[in-house]
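Right, one structure below, let's go through it.
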Amino acid sequence: MPEKKIITDSGIEIQKVYYPLPDCGEKKEEPGQFPYTRGVQPDMYRGKLWTMRQYAGFSTAEESNKRYHYLLSQGVMGLSVAFDLPTQIGYDSDHPLAEGEVGKVGVAIDSIEDMEILFQGIKLEEVSTSMTINATGFILLALYVALAKKQGADLSKITGTIQNDILKEYAARGTHIYPPKPSMRIITDIFEWCSKELPKWNTISISGYHIREAGSTAVQEIAFTLSNGKAYVTAALAKGLDINVFGKRLSFFFNAHNHLFEEVAKFRAARRMWAKIMKELGATDEKAMMLRFHTQTGGATLTAQQPLNNISRVTIQTLAAVLGGTQSLHTNGYDEALSLPTEEAARIALRTQQIVAFESGVPDTVDPLAGSYFIESLTNEVEAKANALIEKIDAMGGSVSAIESGFMQEEIARSAYEYQRNIENGSKTIVGVNKFTVEKEEPVPGFKIDDSIRAVQSEKLKKLRNTRNAQKVNACLENIESAARSEKNLMPVVIEAVENYCTLGEIADVLRKVFGEYH
């Protein structure tokens, strides 16, 4: 009887047993040295643990602020802000298209007033903030900077990240506003402005997370993400920016799924690949070649059936991220397949990271799985398959062309279909879903958002528009339009606009008029 073939979701065959690689004894790569397969720091977590973040944002700024203070009191090291859908696609809460969505999947932010409430009692100089925002990322960054200035903060000390990765929106997620070319221009404006004014800010978090959530394999996740990264670097170089300056502020955002070993191999391969890509593009500074990344455990892996099983899944995914050398981590709540996480679920998710950090022994040595015949072989295979995909994309003219032709979208859709088909035919086991099911599920208390939030936000907006200086607002919006029609950097005029109480929707609409919308 022929031996059963075992393959990963990326199509890599797992051998029954692994032996040393032919070149295993020839090279001794040190952690913290090019090409950083083993980690970006020589001592990794022995020197400093990863940043423990919890992604949170819902309802109004007041409600989210309470959750941030709670998380900080529980040992979170950095905040991670989720924004509602209208904020993500550039509509104020009182816009007709915002109905039914205000405060639902994140916090509603319409103006500087909301931003002040969101961070009330939190000094921006003392906390690292990550903001998951793309099409309107430049406006949220402007609001954050305006608030920091109000607090009297030294901008050179402000740390954090905006996701700001628009290419994956066209390929996988859909919260884009403007066409690709003007969107890329906004991103390079951010790179340019931050390199001078906000030197410690990560100007982009190039995201494989949503590519994976849309159904890609581990190999596609890193291939498409690094390819998008190349497109951003190329656009910045074309603008005349210095790769050794902006290259240091690029960060990545990856998913952690359940196949522990393939995920670890994926993270190690991605570091090595990015180091080589940046070197080829002209980087000479070591820090500009380092792939630094945030990880979030896999939302798509969470099941609504037997939701407490998700605690085990998140634990495996946490181990994958830490064994793979992540710089920061968010762990999902066990109830997130049902609703936004309750306070209890968010606390358990954070405790999962803390148990791995302080009880497991995993952070005690750098790259603990290095030298495993299996891991080293798998790292090489993931790299080879991902490089083959990147070469295909390069032949098409790069990521923008691959997205415009629908190549990335089709590849992701095909993988998602295969994965679902394997669950339905039983060849892939999902515990509690297609095997080991129970007849009766115990109900899990969900977290509900009140629909009255839109009325609250609309009332705030009405009051704001009646009390602000209308003349200054109009002048600011005209300045944005004029800058958008020229080659002028957009960041200074957008910061001035939010300081004068222009709303997020008003700023986004000015650029809709200039750039148009992408359909």
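Remember, it's a predicted structure, so these values are computed and weren't measured experimentally.
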ask   = In chain order, what residues pass the side chain to side chain contact (heavy atoms under 4.5 Å, CB included) check against Ala108, with sequence neighbours excluded?
value = Asp84, Ser93, Val102, Gln457

query = What pairs with Lys66 under salt bridge (Lys or Arg N to Asp or Glu O under 4.0 Å), at least two apart in sequence or on another chain?
reply = Glu63

Which donor-acceptor pairs under 3.5 Å do side chains of residues 119-132 form with protein atoms, sequence neighbours excluded?
unit_1, atom_1, unit_2, atom_2, d
Glu125, OE2, Asp154, N, 2.7
Ser128, OG, Arg53, NH2, 2.7
Thr129, OG1, Tyr144, OH, 2.7

Contacts of type salt bridge (Lys or Arg N to Asp or Glu O under 4.0 Å), residue Arg268, not counting sequence neighbours = Asp367, Glu376

query = Do Phe374 and Val264 have side chains that get closer than 4.5 Å, going by heavy atoms?
reply = no

Non-neighbouring partners of Thr315 that pass side chain to side chain donor-acceptor pair (under 3.5 Å), sequence neighbours left out = none

inquiry  = Just to verify, what does Asn332 make a side chain to side chain donor-acceptor pair (under 3.5 Å) with, not counting sequence neighbours?
reply    = Gln296, Thr297, His330

remark   = Residues at least two apart in sequence or cross-chain that pass side chain to side chain contact (heavy atoms under 4.5 Å, CB included) with Glu13, listed by chain then number, are Lys5, Ile7, Gln15

request  = Would you verify whether the NZ or CZ of Lys168 falls within 45 degrees of the ring axis of Phe224 while also being under 6.0 Å from that six-membered ring's centre?
outcome  = no

Phe252 ring center near Trp274 ring center (under 6.0 Å) = yes

query = Among all residues two or more places apart in sequence or in another chain, which pass the side chain to side chain donor-acceptor pair (under 3.5 Å) test with Thr225?
reply = none

key: Test salt bridge (Lys or Arg N to Asp or Glu O under 4.0 Å) applied to Arg292 - qualifying residues, sequence neighbours left out   = none

task = Could you list the residues that satisfy side chain to side chain donor-acceptor pair (under 3.5 Å) with Tyr70, not counting sequence neighbours?
result = Arg347

query = Does Tyr19 have any side chain to side chain contact (heavy atoms under 4.5 Å, CB included) partners at least two apart in sequence or in another chain, and if so, which?
reply = Val17

ask   = For residues 277-327, which residue pairs qualify under ring pair (Phe, Tyr, Trp, His ring centres under 6.0 Å), counting only residues two or more places apart or in two chains?
value = Phe253-His294, Phe254-Phe293, Phe267-Phe293

